[in-house]
Chemist: 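Structure provided below as structure tokens; questions to follow.
All chains are named by letter (A, B, ...) in the order of the sequence lines, taking the proteins before the strands, and each is independently numbered beginning at 1. Here the structure is a predicted model, which is why all the values come from computation and not from measurement.
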Amino acid sequence: MSNGFDDIPFFDEEPAARPARGGHQPAPPAPAGGSTALGGIAARAMAARDQHRVPDYLSGLNPEQREAVESLDGPVLVLAGAGTGKTRVLTTRIAHILASGRAFPSQILAVTFTNKAAREMKERVGVLVGGAVEGMPWMGTFHSIGVKLLRRHAELVGLKSSFTILDTDDVVRLVKQLIQADGIDDKRWPAKQFAQMIDGWKNKGLGPAEIPEGDARSFANGKGRELYAAYQARLMTLNACDFGDLLLHPIRMFRTNPDVLREYHDKFRYILVDEYQDTNTAQYMWLRLLAQRPKGVPQNVCCVGDDDQSIYGWRGAEVDNILRFEKDFPGAKVIKLERNYRSTEHILGAAAHLIAHNEGRLGKTLFTDRTDPNDDKVQVHAAWDSEEEARAVGEEIEQLQRNQHPLNNMAILVRASFQMREFEDRFVTLGLNYRVIGGPRFYERLEIRDALAYFRLVCQPADDLAFERIVNTPKRGLGDTTVRALHDYARKRDIPMLAATADIVETDEMKPKPRKSLFDVVSMFQRWQGLLETTPHTELAETILEESGYTDMWKNDKSAEAPGRLENLKELIRSMEAFESMRGFLEHIALVMDVEQNAELDAVSIMTLHSAKGLEFETVFLPGWEEGLFPHQRALDEGGRSGLEEERRLAYVGLTRAKRRCHIWFVSNRRIHGLWQSTLPSRFLDELPVTHVEVSEADQSYGGYNRGGYGQSRFDKQEPFANTYSTPGWKRAQANKTDATRDNWGNRSGVSIERIGYGESGPKARTIDGELIAKSRIDEPSKFTVGDRVFHIKFGNGNIAGIEGNKLTIDFDRAGQKRVLDGFVEKV
DNA sequence: AGTTGGTTTGTTTTT
DNA sequence: CAAACCAACT
């Protein structure tokens, strides 16, 4: 397909003669007349407009998308539901800004959350524009843009522009030192916990002086605030930033230097933000500083987000930011994208009905025109335990594979990573290719971090954390006492530890043995620093790892992991080739902690629901829909009502990943913390509309579920439902989203979950207007009475202690008190 | 310094 | 249950 830019060169640079600063609204580059470099593109675009021809890149858009792309003046909020072409709108909008000659590439600020999203956006703009997007220097993550700003203006916040970026590991070690230095028991007050607190404060945009008194008091007998302040002071002396600082320093800088801020106001004519629902308070403040302009000056900011996909509240994301947009940017145009291009009507119907149970939504309803009678409904399956679940999913995947479905089009999305193992085990025995997305990351591995510490110290001799990490790795006989002495010496003189070491070996403060070792260390680093400018960086990297004895250390290690670690080190060197210098490489990995996977292999993807956001697959498997796991108990306990809603959004994200087929599973028994727990089906299952869902049982051959007379399906004799969601019941559910049967905690009181058990004798599921009404209710007489002696296949004998509808509380003789569904026990 | 045994602790994760 | 972490041995 052609685009509107064929053969048009794409310009990277702003013209040399930029409009003089001073006005808030610099004249745009001359759009017509062809006098500037951009004139060519603009002239073409305008010619197209004059001929009443829509530029090609706009032609495939629906009216809402097109409005979102073309509303270039003033603030715009795009509420884009799952699969409605969000990224397309964003990228086309950028293309449109460029094509209409309103801004140069370098005058557009485009912010994403992840490097992956930034990469994708760059690629897609590149395709639209038909050229490299090197010319969009301000497209990136909040953090990478923050670094860029800081490197330019480091001195304004008291840093040198060569500052290092610490990752969480470094931060924890630093905090630990501070805690110990303060004579606080670091067992009782773990450094990791405090590091998380700091991170939390920074997410909220709070410096040491601003944290709430309660927070300050709650750590280390009220020393929270001092510790935080000490931490910040230490970062300054180290010339280092943590991730939070990459946002906070620019904020502070802009606040205290209005002239600098004005410079960027002039520069950024258009601001775009992706995944706006995920912004935290600090990012919000950052954005507002850059986007808000004095009265009368257009605020060309465009935020794209979906409140229904906000799943990072636990990490400080504030959905409120999206709800507040119109207040912050008066006159904002709000555009909803609701036409879904991804999923079948059944998948969409199920997702829409589920999410309608949340309150406080901006209220979008996805729709699609496509109705294909051959489309499968969303399938709900039951299994006895997680092993059977994995086996059945594996079987289903193999079945699809036999029907020519590539494994790349299938994904298993789990709530918690421990669920992955069972699937992995199963797929290994089946010989089924799979790939785990997320999980332990390359740059976080021990050997990689050690190697990086060497490189960091060579490039930045003041990096004490790197120094401490590797002085004695490999072992050089430099123990705790030596390192502490170095530390003290350095602090006393206010110099970096490496410099201190260089000094100290000239004296006789050290005993001969450590002195010799330290001398070697110092001379090694001096040599490497000398090579930094002259030797190619990959070669230097190899030299460092060889000469330091680091590779030998692993060669001599006979543990099982050692060969893999050496392999990883080689991979590290290989990955450096793509960079110009060692400094450039270090800068990159400080921000981009992931490494790309090979897409060659045809494999099923296994990942958490969180990491699935933004992806799509033909077939999606959603295992583990059980109370306690999904919704997760902890989300419920700690987040209460809003916790539950976030879990529900997570379920929504899961469902909407599927294009054609979606299979949900729940099991009756799951091993949690080593012991078997009987589980109840997730409440989310009840929130799915029967019209779009089909319940099928595990194959009889698995035995478990139907064994011993338990659990004939209660759905066996289901009445037929209308198959669109235009039924009165669905409409009514839409109308009153508030479910009267839920109390403040999001717990359900009146309606209980569908019950498993009783075979033929069980009451039949009833439907009213397509809504599934649970057949067993609290007011319905139970077959059991308190005190009954019962038997459970997993927990053995016990006495009923309480009854709530079809949920029994039983005191088991051996297993203790449990809540189980009555279908799983029988009277003895 | 390196190993062993005992205790703890089990969501989601980016930068 | 099992991995990770820590403390106290050898």
Side-chain angles (χ1 to χ4, degrees), chain A residues 111-118 140-148 150 165-172 176 186-187 190-193 196 199-200 202-203 241-248 274-275 278-280 282-283 286 309-317 386 413-422 437-441 443-444 446 472-481 557-559 587-594 607-614 624 628-639 643 646-647 649-651 653-654 670-677:
Chain A
V111 199
T112 61
F113 267 83
T114 62
N115 292 296
K116 206 173 98 197
T141 63
F142 278 99
H143 297 268
S144 66
I145 291 169
V147 174
K148 201 158 194 166
L150 272 184
I165 302 162
L166 304 185
D167 62 30
T168 24
D169 214 78
D170 296 322
V171 169
V172 171
K176 190 166 196 164
D186 69 317
K187 297 280 126 51
K192 212 171 145 193
Q193 193 191 326
Q196 279 167 2
D199 195 52
K202 290 193 172 179
N203 283 159
C241 279
D242 62 17
F243 284 120
D245 286 341
L246 299 180
L247 294 169
L248 292 190
D274 192 14
E275 305 279 15
D278 287 338
T279 44
N280 62 36
Q283 286 157 340
W286 186 93
Q309 289 188 69
S310 155
I311 53 174
Y312 286 110
W314 51 274
R315 201 167 77 183
S386 47
L413 311 181
V414 297
R415 172 66 245 260
S417 40
F418 75 83
Q419 292 173 262
M420 293 179 182
R421 223 188 111 162
E422 207 111 32
I437 309 217
R441 283 178 299 165
Y443 294 116
E444 274 165 16
L446 177 99
N472 202 30
T473 311
K475 299 272 179 295
R476 299 188 177 97
L478 299 165
D480 242 18
T481 31
D557 189 309
K558 60 222 171 294
S559 70
E587 175 91 0
H588 171 81
I589 54 136
L591 295 169
V592 182
M593 296 294 282
D594 65 339
M607 69 188 96
T608 63
L609 285 161
H610 282 91
S611 37
K613 196 169 71 161
L629 176 59
F630 193 35
H632 199 280
Q633 192 56 47
R634 230 158 119 172
L636 260 31
D637 293 345
E638 286 163 23
E646 183 154 313
E647 294 287 293
R649 289 193 291 270
L650 203 47
V653 167
R670 193 173 286 278
R671 208 164 47 177
I672 299 166
H673 305 337
L675 31 118
W676 284 94
Q677 301 266 190

Chemist: Any side-chain heavy-atom pair from A:Asp167 and A:Tyr443 closer than 4.5 angstrom?
Modeler: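 A:Asp167 vs A:Tyr443: side chains apart.
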Chemist: Check whether any side-chain heavy atom of A:Phe418 lies under 4.5 Å from a side-chain heavy atom of A:Leu629, and answer yes or no.
Modeler: yes
Chemist: Now, which nucleotide makes the Watson-Crick or G-U wobble pair with B:dT12, with each of the two distances under 3.5 Å?
Modeler: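 Across any shown strand, B:dT12 pairs with none.
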Chemist: If a protein heavy atom is under 4.0 Å from the base, mark B; if only from the sugar-phosphate, S; if neither, -; do that for nucleotides 2-15 of chain B going 5' to 3'.
Modeler: S-------BBBBBB
Chemist: Could you tell me whether the side chain of A:Arg671 reaches within less than 4.5 Å of the side chain of A:Ser386, counting heavy atoms only?
Modeler: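 No. Closest side-chain heavy atoms not under 4.5 Å.
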Chemist: Give none if B:dT7 has no partner; otherwise give the nucleotide forming a Watson-Crick or G-U wobble pair with it, both distances under 3.5 Å.
Modeler: C:dA4
Chemist: Mark yes or no for whether A:Asn472, through its side chain, and A:Leu478, through its backbone, hold a donor-acceptor pair below 3.5 Å.
Modeler: yes
Chemist: Suppose you measure atom P in C:dA2 against the same atom in B:dT13; what distance do you get, rounded to whole Å?
Modeler: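 Result for the P pair: 22 Å, nearest Å.
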Chemist: About how many Å separate CG of A:Leu609 and CD of A:Gln419, when rounded to the nearest 0.5 Å?
Modeler: 8.0 Å
Chemist: Using the 3.5 Å cut-off, write out each protein N or O paired with an N or O of nucleotides 4-10 of chain C and the distance between them.
Modeler:
{"from": "C:dA7", "atom 1": "OP1", "to": "A:Lys187", "atom 2": "NZ", "distance (Å)": "2.9"}

Chemist: Taking the side chain as every heavy atom from C-beta outward, state whether A:Gln309 and A:Ile311 have any pair of such atoms under 4.5 Å apart.
Modeler: no
Chemist: Should the heavy atoms of other residues, nucleotides or ligands under 6.0 Å from NZ of A:Lys116 be counted, would the total exceed 12?
Modeler: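 12 or below, so no.
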Chemist: Does A:Trp314 have its ring centroid less than 6.0 Å away from the ring centroid of A:His632?
Modeler: no
Chemist: Could you measure between the two C1' atoms, the one in C:dC5 and the one in B:dT12, and give it in whole Å?
Modeler: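 Comparing C1' positions in C:dC5 and B:dT12 gives a spacing of 23 Å.
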